[in-house]
Amino acid sequence: MTRPSDDRAAAILAVVRSIPRGRVTTYGGVAARAGLPRQARLVGKILSGLPGNSRVPWHRVVASGGRIAFPAGSESRAKQIERLRAEGIESVRGRVDVSRHGWATPAGDLDRWLWSGGE
DNA sequence: CAAATGACGGGGT
DNA sequence: AACCCCGCCATTT
């Protein structure tokens with residue numbers, strides 16, 4: 001099966017599944033948490049392969065700066081925005097406020113958090 | 001093996 | 001903000 005190494009996919013999906021409801025993180029963030037630094041694109045690749053009925057909360061993964069990665073007008077774009085709103089995450093012009101809804105980033109201590117390596 | 005491809009990231013204009 | 005360009009990296013052509 002023409003699919004990226006299963007263990008890497010598993011690690012990535014495990015991280016995505018662990019994103020708390022009402023929180024978002026970035027592709028790069030997921031990659032880092034999965035022990036795959038600099039492989040944000042692989043995260044996108046894996047998520048793109050999820051079946052439509054998947055229960056994995058892929059909608060909690062956004063691009064850098066809180067950008068919704070899907071092109072304007074696309075079905076997935078609308079779906080993600082709708083799902084995020086359903087958990088209390090508002091998006092303005094395809095952007096979510098990461099400082100407010102970012103995963104494990106207690107607004108105000110971002111620098112210290114990054115310095116200590118997250119967690 | 002070289003070139004192209006991405007649900008990306010960062011910087012510059 | 002809107003673009004463009006380049007770096008990064010596993011996969012695919």
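The chains referred to below are lettered A, B, ... by the order of the sequence lines, with proteins before strands, and numbering in each begins at 1.
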(request) Can you measure from CG (A:Leu84) to NE2 (A:His101) and round to the nearest 0.5 angstrom? (result) 9.0 Å
(request) Please determine if a side-chain N or O atom of A:Arg93 lies less than 4.0 Å away from the OP1 or OP2 oxygen of C:dA1. (result) yes
(message) From C-beta outward on A:Ala63, which listed nucleotide comes closest to its side chain: C:dT11, B:dG9, C:dC9?
(response) B:dG9
(message) Any carboxylate oxygen within less than 4.0 angstrom of a Lys/Arg side-chain nitrogen, looking at A:Arg23 and A:Glu87?
(response) no
(request) To the nearest Å, give me how far apart CZ (A:Arg67) and C1' (C:dC3) are. (result) 12 Å
(message) With a 4.0 Å cutoff (strictly under), does any side-chain N or O of A:Gln39 reach OP1 or OP2 of C:dC9?
(response) no
Sort me out a list of protein N/O and nucleotides 4-7 of chain B N/O pairs below 3.5 Å, or just none if empty.
from: B:dG6; atom 1: N9; to: A:Arg41; atom 2: NH2; distance (Å): 3.3
from: B:dG6; atom 1: N7; to: A:Arg41; atom 2: NH2; distance (Å): 3.1
from: B:dG6; atom 1: N3; to: A:Arg41; atom 2: NE; distance (Å): 3.3
from: B:dA7; atom 1: N6; to: A:Leu47; atom 2: O; distance (Å): 3.1
from: B:dA7; atom 1: N3; to: A:Tyr27; atom 2: OH; distance (Å): 2.8

(request) Answer yes or no: does a side-chain N or O of A:Arg38 lie under 4.0 Å from OP1 or OP2 of C:dC8? (result) no
(request) Can you establish whether the number of heavy atoms outside A:Arg85 located under 6.0 Å from its atom CZ is more than 12? (result) no
(request) Please determine, for the side chain of A:Arg8, which listed nucleotide (C:dA10, B:dC8, C:dC8) has the closest atom? (result) C:dA10
(message) Could you measure the distance from the CZ atom of A:Arg77 to the CD1 atom of A:Ile68? Nearest 0.5 Å is fine.
(response) 6.5 Å
(message) What verdict does the side chain to side chain contact (heavy atoms under 4.5 Å, CB included) test give for A:Ile89 and A:Val24, after you've listed the backbone C-alpha separation in whole Å, the side-chain angles of each residue and the deciding distance to 0.1 Å?
(response) CA-CA 9 Å; A:Ile89 300 175; A:Val24 298; 3.6 Å; yes
Name every donor-acceptor pair, under 3.5 Å, that has one atom in a side chain of residues 46-58 of chain A and the other anywhere in the protein, sequence neighbours excluded.
from: A:Ser48; atom 1: OG; to: A:Lys45; atom 2: O; distance (Å): 2.6
from: A:Ser54; atom 1: OG; to: A:Val56; atom 2: N; distance (Å): 3.1

